[in-house]
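Below is one structure; the comments refer to it alone.
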Amino acid sequence: MVGSRDMKRAGLIGFGIQRSLTPAMHMREGAAQGVDYQYELIDLAERNLSTDALEDLLAEAEARGFCGLNITYPCKQKVLPLLHDMSVDAQKLGAVNTVVLRDGRRVGHNTDWWGFAEGLRRQLPEADLSSVVQIGAGGAGAATAFAILQMGAVALTIFDLDGARARELAGIMGGLFPNAEVRGGMDLDAAMAKATGLVHATPMGMDKHPGLPLPAELLNPPLWVAEIVYFPLDTALVKAARDRGCRVANGGGMAVFQAVGAFSLFTGLEPDVDRMLNHFQQLTGGSDTALARMA
Ligand code: NAD
């Protein structure tokens, strides 16, 4: 019998999050550890709310005794003024995806960047980080750029359909990592010709945004490719990169490891990483080799 001491409540706040696998990952791991753990979706779209409701939603979660909240699009920056404190990396990134609620305090963390880094480290432990190209300079792109620089990238060139956005992110990251060469890119073909690795951080490849974010001809070994889209896991980019002989890390790594980090922060328990990876693999219906390599 699980006592009330072992009861945990947490949730995810975001817009249009019904397909998220995060609740299932947290609850299955909680159950495996003998905790009565409920994790609910607080979907702004379903509740017909705007981000202005964030403050009330945080207060409601606190009143209901939640131990934490994950925060996703479009609230990761909007939540910052509502917090009492932040981890150093979340402060640097200016984005929070995990809020720990304890003793009346709200402390923000960012497990997205660590999640991406851990997924990449495990799927492609030998990845050469001397010259990395990243496509996508949105919220997720900020986390992947931070991760790749934190992992020791020497040069990072960022592209986006919105060139000003790419330059802005490059400026911020260049300030945080002054020893690296970080720039907004102008010529994708030229950058790819020199690149050792590619990080993809746009929605291209999702069911709603089919296709490739760059011509397949630019994917040539020994280039490695790290994808962050994970609906589906085998995106057009993952398939094209594999077909052309490149080593590939899929978007599952970031999805699982951001949850691993948040589970640990929320519950104070050490999650079993292999169990969470296996569960994610079941949820996505895959016998995916890249994910199997992470366990
Ligand atoms: P966002 O809307 O904040 O940013 C996307 C950026 O991509 C925008 O700046 C846009 O201009 C740019 N872009 C779109 N199409 C492009 C193209 N063809 N070429 C160049 N740039 C292009 O979105 P986000 O929050 O950064 O999320 C991006 C995607 O990352 C999501 O759609 C989701 O699939 C994925 N994601 C995965 C995880 C994970 O855990 N694996 C976590 C977060 C997001």
Side-chain angles (χ1 to χ4, degrees), residues 10 12 14 17 19-30 32-33 37 39 68-73 76 87-90 92-93 95-100 108-127 129 134 136 139-153 197 199-201 224-233 235 238 247-284 286 288-295:
L12 169 65
I17 51 177
R19 287 180 73 196
S20 172
L21 301 179
T22 301
M25 285 194 274
H26 278 253
M27 286 195 284
R28 171 80 75 92
E29 183 56 22
Q33 300 217 17
Y37 187 11
Y39 185 113
L69 287 166
N70 281 127
I71 307 289
T72 191
Y73 179 84
K76 287 182 187 180
S87 67
V88 173
D89 49 351
K92 285 184 180 169
L93 255 168
V96 158
N97 79 318
T98 300
V99 179
V100 174
H109 300 261
N110 190 302
T111 66
D112 282 335
W113 80 263
W114 177 80
F116 174 78
E118 196 61 18
L120 181 55
R121 243 182 246 124
R122 288 179 180 239
Q123 292 181 81
L124 301 175
E126 312 282 304
L129 300 177
Q134 173 170 308
T144 58
F146 186 86
I148 212 86
L149 289 162
Q150 189 79 17
M151 290 172 83
V199 175
H200 175 239
W224 54 265
V225 175
E227 171 68 287
I228 70 158
V229 172
Y230 71 100
F231 277 127
L233 270 181
T235 59
V238 165
R247 288 166 305 145
V248 178
N250 68 29
M254 184 174 185
V256 176
F257 286 104
Q258 63 77 24
V260 164
F263 181 94
S264 155
L265 286 164
F266 289 166
T267 65
L269 299 167
E270 201 53 52
D272 181 325
V273 169
D274 290 353
R275 187 163 55 205
M276 288 186 75
L277 282 166
N278 285 334
H279 181 216
F280 182 82
Q281 204 151 313
Q282 286 165 22
L283 289 170
T284 50
D288 186 88
T289 50
L291 281 176
R293 273 206 307 279
M294 285 193 272

Closest non-hydrogen atom pair, Ile228 against Ala140
CD1-CB, 3.4 Å
Heavy-atom nearest pair, His279 first then Ala24, reads CE1-O, 3.2 Å
As a quick check of understanding, evaluate side chain to side chain contact (heavy atoms under 4.5 Å, CB included) for Leu120 and Ile148, giving each step before the final call.
CA-CA 9 Å; Leu120 181 55; Ile148 212 86; 3.5 Å; yes
Determine whether the aromatic ring centres of residues Phe263 and Tyr37 are separated by less than 6.0 angstrom.
yes
Would you please classify the geometry between the Phe280 ring and the Tyr230 ring as parallel, tilted or perpendicular, with 30° and 60° separating the classes?
tilted
Who pairs with Glu227 by side-chain hydrogen bond (donor to acceptor under 3.5 Å, both in side chains), at least two apart in sequence or on another chain?
His200, Thr235
Go through the steps for Leu21 and Thr284 under the test side chain to side chain contact (heavy atoms under 4.5 Å, CB included), then give the verdict.
CA-CA 9 Å; Leu21 301 179; Thr284 50; 3.8 Å; yes
Quick one: does Glu118's side chain get under 4.5 Å of Arg122's, heavy atoms only?
yes
Compare all side-chain heavy atoms of Lys76 with those of Asp112 and state whether any distance is below 4.5 angstrom.
yes
Donor-acceptor pair, side chain of Gln134 and main chain of Gly141, under 3.5 angstrom
yes
Indicate yes or no: at least one non-hydrogen side-chain atom of Gln33 is less than 4.5 angstrom from one of Thr267.
no
Could you tell me which residues satisfy side-chain hydrogen bond (donor to acceptor under 3.5 Å, both in side chains) with Trp224, sequence neighbours excluded, listed by chain and number?
none
Side-chain contact test, heavy atoms from C-beta onward, threshold under 4.5 Å: evaluate it for Asn110 versus Val96 and give yes or no.
no
Sub-3.5 Å donor-acceptor pair from the side chain of Glu29 to the main-chain atoms of Asp272, do we have one?
yes
What orientation do Phe266 and Tyr39 show, parallel under 30°, tilted 30 to 60°, or perpendicular over 60°?
tilted
